[in-house]
Amino acid sequence: MLTKAQWKVCRDEIADMYPDAHCELVHDNPFELLVATMLSAQCTDALVNRVTKDLFKKYKRPEDYLAVPLEEVQNDIRSIGLFRNKAKNIRAMSEILLEKYGGIVPDDRDTLTTLPGVGRKTANVVVSVAYGVPAFAVDTHVERVSKRLGINRWKDSPMEVEQKLMRWTPEEEWSQTHHQLIFFGRYFCKAKTPECGICPILNMCREGRKRMGLNKKDEEME
DNA sequence: AACTCGGGGCA
DNA sequence: TGCCCAGAGTT
């Protein structure tokens, strides 16, 4: 397993690789951020950005999604997949926002996760990016990188991954580190074809060493 | 824990 | 062609 000190070194190396890592989703408008994050489930960020570019010109406020038939919203996001459920959730979420929260996106995770289509990951992204609440949103990239490095075990739940990363990372670095891990996972430590051969932290990476056939005497941690 | 939603990108 | 993708809800 990785040590906390080694994790510090890894964070610094990854920060060096992606010094300008930032949230590619909308960050200045909580409602648009919430919609964009809901759309991003099981879908590449490039595809979401392509759709939201037109979507946010047409739909500015919660009322706008309720002013047109469900089928129209579905059609407007058709190209990202899972569009039936996502459109339904966005309209249901908008309605609750108007009825219970005055059209304002709540700033705490527990309230957000009560909204239809908003789970733990989406809620974390919204509170941290839109409201500056310290959070370590564990998405597929963060989870994969964490487990490959050996911060977590392969069998750990997303909750356990999140807790460990928060304990091992200074709170003021949670958001920044999260986005740098996203970039690192998306463009370098890729799910199918990780760039282990030119990785600056290969010597500390459990999975990377295994992939490169470098595990001396095999310290299998499982 | 396993299953479903889903069109587009990429090998 | 087949597999995967900034997840969440249901069973």
Side-chain angles (χ1 to χ4, degrees), chain A residues 14 18 20-56 70-97 105-106 109-131 133 135-148 153-162 165 174-195:
Chain A
I14 293 173
Y18 301 99
D20 302 320
H22 61 283
C23 186
E24 292 187 343
L25 301 172
V26 185
H27 58 276
D28 58 336
N29 182 325
F31 181 65
E32 290 187 353
L33 174 68
L34 177 55
V35 173
T37 310
M38 290 173 71
L39 291 179
S40 70
Q42 290 300 102
C43 177
T44 60
D45 52 340
L47 208 46
V48 173
N49 292 335
R50 187 193 305 171
V51 168
T52 53
K53 190 178 177 186
D54 289 329
L55 197 71
F56 292 159
L70 170 62
E71 291 73 19
E72 185 168 341
V73 180
Q74 288 176 331
N75 191 59
D76 288 337
I77 64 173
R78 180 171 295 273
S79 63
I80 69 170
L82 303 179
F83 60 91
R84 282 178 256 269
N85 284 336
K86 286 179 179 177
K88 206 174 298 179
N89 286 333
I90 288 171
R91 289 180 90 248
M93 175 275 292
S94 296
E95 191 168 5
I96 295 175
L97 228 51
V105 178
R109 272 178 294 255
D110 293 338
T111 307
L112 281 166
T113 49
T114 66
L115 298 172
V118 181
R120 171 170 203 79
K121 300 181 185 179
T122 300
N124 268 335
V125 170
V126 171
V127 296
S128 65
V129 176
Y131 296 119
V133 177
F136 216 125
V138 176
D139 51 46
T140 54
H141 292 314
V142 175
E143 185 170 354
R144 182 180 65 255
V145 172
S146 179
K147 290 181 175 180
R148 276 181 176 168
R153 295 162 194 275
W154 286 106
K155 309 184 78 170
D156 283 358
S157 67
M159 176 73 97
E160 289 172 307
V161 174
E162 185 179 306
L165 285 171
W174 284 355
S175 179
Q176 179 190 1
T177 300
H178 164 69
H179 288 113
Q180 286 166 345
L181 282 180
I182 294 285
F183 273 61
F184 182 66
R186 173 69 180 86
Y187 300 109
F188 195 89
C189 191
K190 295 169 288 188
K192 291 179 68 174
T193 56
E195 306 287 351

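Not measured: the values here are computed from a predicted model.
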- Does A:Ser157 have any side chain to side chain contact (heavy atoms under 4.5 Å, CB included) partners at least two apart in sequence or in another chain, and if so, which? A:Met159, A:Glu160

Listing time: all N or O pairs from protein to nucleotides 7-11 of chain B that are below 3.5 Å?
from	atom 1	to	atom 2	distance (Å)
B:dG9	OP1	A:Arg50	NH1	3.1
B:dG9	OP1	A:Arg50	NH2	3.0

- Could A:Glu95 and A:Arg91 be called an ion pair, given the rule that one side-chain N must be under 4.0 Å from one carboxylate O? no

- For A:Gln176, what residues pass the side chain to side chain contact (heavy atoms under 4.5 Å, CB included) criterion, not counting sequence neighbours? A:Gln180

- Taking atom P in both C:dC4 and B:dC3, what distance in whole Å separates the two? 15 Å

- Does any residue of residues 112-128 of chain A have a heavy atom under 4.0 Å from DNA chain B, and if so, which ones, in number order? none

- With rounding to whole Å, what would you report as the distance between C:dA8 and B:dG9 at their C1' atoms? 23 Å

- Which atom of A:Phe31 lies closest to which atom of A:Met93, heavy atoms considered: CE1-CE, 4.0 Å

- Note on the structure: The side chain to side chain donor-acceptor pair (under 3.5 Å) partners of A:Arg109 (sequence neighbours excluded) come to A:Asn124

- Task: With heavy atoms under 4.0 Å as the rule, sort A:Ala36 into base, sugar-phosphate or nothing.
- Result: nothing

- Considering residues at least two apart in sequence or located in another chain, which fulfil the side chain to side chain contact (heavy atoms under 4.5 Å, CB included) criterion with A:Pro106? A:Leu97, A:Tyr101, A:Asp108, A:Thr111, A:Leu112

- Query: Who pairs with A:Ser40 by side chain to side chain donor-acceptor pair (under 3.5 Å), at least two apart in sequence or on another chain?
  - Reply: none

- Task: Report which part of the nucleic acid A:Asn85 touches: base, sugar-phosphate, or nothing (heavy-atom distance under 4.0 Å, all strands).
- Result: sugar-phosphate

- Item | For A:Arg78, side chain to side chain contact (heavy atoms under 4.5 Å, CB included) partners two or more places apart | A:Asn75, A:Phe83

- Query: Can you give the first and last nucleotides of DNA chain C, 5' to 3', that have an atom under 4.0 Å from a heavy atom of chain A?
  - Reply: C:dC4 to C:dG9

- Item | Residues in ring pair (Phe, Tyr, Trp, His ring centres under 6.0 Å) contact with A:Tyr187, at least two apart in sequence or another chain | A:Phe183

- Item | P spacing across the pair C:dA6 / B:dA11, given as an integer number of angstrom | 15 Å

- Task: Write out all pairs satisfying salt bridge (Lys or Arg N to Asp or Glu O under 4.0 Å) with one or both partners inside residues 178-192 of chain A, taking only residues at least two apart or from two chains.
- Result: A:Asp45-A:Arg186, A:Lys190-A:Glu195

- Which residue pairs satisfy the salt bridge (Lys or Arg N to Asp or Glu O under 4.0 Å) criterion with at least one member in residues 27-37 of chain A, sequence neighbours excluded? none

- Expressed in whole Å, how much space separates the P atoms belonging to C:dC3 and B:dT4? 16 Å

